[in-house]
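All remarks here apply to the structure that follows.
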Amino acid sequence: GAGLSAAGAAFQSMFANPLATPDTLGTSNGASFGAALAILLGSGTAGIQVSALFSGLLAIALVFLVSGASRRNVSILTVVLSGMVISSLFSALVSFVKFVADPNDVLPVITYWLMGSLSSINLKSLYTGLPLIVIGTFILYLIRYRMNVISLSKEEAVSLGVNLPVVRTVVIVSAALITASVTAMCGVISWIGLLIPHISRMLVGNDNSRVIPCSIVCGGLFLVVIDTLARTLTVSEIPVSILTSIVGAPVFILLLKKTGGVLK
């Protein structure tokens with residue numbers, strides 16, 4: 001929760017888009033394809049996690065390759081459009097894997113995994129995924145002061161002493177590490193990376209030096225509460241992503257009403 005919220009806040013700042021999420025550049029769909037393919041091939045939990053992590057990082061590598069995100073003259077719009085294309089490609093691949101999967105045996109497993117749940121996480125999976133989440137979140141925390149200028153033009157950033165391509169690359173790679181690792185461990189968890197940064201801005205303002213730490217704390221607490229509800233509301237555990245969507249949509253509507261439809 002902390003990692004996804006930090007990644008969402010960083011992307012919203014970098015893209016200057018209040019609707020940006022950690023999977024804007026296709027990392028989640030890439031990881032989902034890796035996991036679905038591993039399930040189709042009969043891999044165990046460790047194989048699913050490794051395949052999802054590798055595929056998620058592959059997706060972000062393809063975005064860099066297509067857009068040239070690390071070049072000095074590339075526009076942020078080119079990066080976003082490249083992410084949309086790669087995300088759509090991996091989404092189609094996930095659909096293809098589901099199409100060829102055994103509908104009585106494999107397909108339900110893939111479908112349930114894609115819903116997002118913390119029920120299958122154990123110490124072994126944490127040893128694999130948690131370090132990347134911690135590293136990515138810590139890097140975003142360290143560069144939080146520079147995030148206030150990464151949505152500016154190259155000339156404005158240079159005048160403020162910020163190497164825009166380097167900072168953008170660091171943000172994208174850090175967010176990709178977080179998103180790919182989270183998706184590899186527990187599937188796609190929606191809304192946290194979109195909702196929590198907006199709540200944080202309402203609490204502490206628009207300065208990313210405060211938004212990033214607040215998002216980390218609020219995101220972690222939010223997911224703890226949601227996971228507790230998922231485990232206790234019914235006899236069988238509800239996938240976390242279902243509850244984050246059910247809770248997140250009304251809260252986001254309230255935010256829209258409170259801000260007069262203007263999200264910053």
Side-chain angles (χ1 to χ4, degrees), residues 1-31 53 56-84 86-87 131-158 160-183 192-198 200-201 204 206-219 264:
L4 290 175
S5 299
F11 272 1
Q12 287 171 14
S13 175
M14 185 176 73
F15 297 137
N17 186 340
L19 297 180
T21 64
D23 57 348
T24 296
L25 299 184
T27 312
S28 289
N29 281 337
L53 181 59
L57 296 178
L58 174 62
I60 206 68
L62 289 175
V63 171
F64 270 88
L65 181 64
V66 172
S67 68
S70 59
R71 294 201 304 265
R72 288 184 175 273
N73 59 345
V74 68
S75 70
I76 200 66
L77 179 60
T78 302
V79 179
V80 173
L81 292 176
S82 300
M84 292 175 61
I86 299 302
S87 180
L132 295 180
I133 298 175
V134 172
I135 291 171
T137 304
F138 185 64
I139 292 174
L140 293 178
Y141 177 80
L142 288 179
I143 64 172
R144 65 193 186 280
Y145 294 101
R146 297 177 180 269
M147 287 186 191
N148 292 321
V149 298
I150 60 177
S151 61
L152 302 177
S153 66
K154 174 187 171 183
E155 292 75 16
E156 291 173 308
V158 169
L160 294 171
V162 175
N163 190 327
L164 198 56
V166 171
V167 176
R168 283 178 176 173
T169 300
V170 171
V171 169
I172 291 173
V173 172
S174 299
L177 288 175
I178 294 169
T179 308
S181 186
V182 170
T183 308
I192 293 181
L194 173 63
L195 178 65
I196 299 301
H198 288 297
S200 298
R201 291 188 187 94
V204 300
N206 291 323
D207 187 348
N208 283 299
S209 64
R210 297 192 297 268
V211 170
I212 296 297
C214 185
S215 296
I216 291 172
V217 174
C218 292
K264 298 181 180 180

More than 12 heavy atoms of other residues, nucleotides or ligands under 6.0 Å from CZ of Arg146: yes or no?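 It does not: Arg146 CZ has 12 such atoms or fewer within range.
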Is there a side-chain contact between [X] and [Y] in this structure, where contact means two heavy atoms from C-beta onward sitting under 4.5 Å apart?
{"X": "Ile172", "Y": "Phe11", "answer": "yes"}
{"X": "Val79", "Y": "Leu25", "answer": "yes"}
{"X": "Asn29", "Y": "Asp23", "answer": "no"}
{"X": "Val204", "Y": "Val211", "answer": "yes"}
{"X": "Leu81", "Y": "Met84", "answer": "yes"}
{"X": "Val167", "Y": "Met147", "answer": "no"}

Can you tell me which residue among Thr137, Leu57, Ile133, Leu140 is in a side-chain contact (heavy atoms from CB on, under 4.5 Å) with Leu177?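 Single side-chain contact (heavy atoms from CB on, under 4.5 Å) partner of Leu177 among Thr137, Leu57, Ile133, Leu140: Leu57.
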Spacing of [atom1] belonging to [X] relative to [atom2] belonging to [Y], to within rounding of 0.5 Å:
{"X": "Leu4", "Y": "Ser181", "atom1": "CG", "atom2": "OG", "result": "10.0 Å"}
{"X": "Leu53", "Y": "Thr179", "atom1": "CG", "atom2": "OG1", "result": "11.5 Å"}
{"X": "Ile216", "Y": "Ser5", "atom1": "CD1", "atom2": "OG", "result": "8.5 Å"}
{"X": "Asn208", "Y": "Ile143", "atom1": "CG", "atom2": "CD1", "result": "10.0 Å"}

To check you understand the geometry: which heavy-atom pair defines the closest contact between [X] and [Y], and what is its length?
{"X": "Arg144", "Y": "Ser209", "result": "NE-O, 3.2 Å"}
{"X": "Gly136", "Y": "Ile178", "result": "C-CD1, 3.6 Å"}
{"X": "Gly30", "Y": "Ala59", "result": "CA-CB, 4.0 Å"}
{"X": "Ser215", "Y": "Ala6", "result": "CB-N, 4.4 Å"}
{"X": "Pro18", "Y": "Leu194", "result": "O-CD1, 3.4 Å"}
{"X": "Ile212", "Y": "Ala10", "result": "CD1-N, 4.2 Å"}

Give a yes or no answer on whether the side chain of [X] reaches the backbone of [Y] with a donor-acceptor pair at less than 3.5 Å.
{"X": "Ser174", "Y": "Ile139", "answer": "no"}
{"X": "Thr24", "Y": "Thr21", "answer": "yes"}
{"X": "Ser82", "Y": "Thr78", "answer": "yes"}

Classify the ring geometry of Tyr141 against Phe138: parallel below 30°, tilted from 30° to 60°, perpendicular beyond 60°.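 Plane angle under 30°, so parallel.
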Tell me, with the steps shown, if Thr27 and Thr183 meet side chain to side chain contact (heavy atoms under 4.5 Å, CB included). CA-CA 9 Å; Thr27 312; Thr183 308; over 6 Å; no
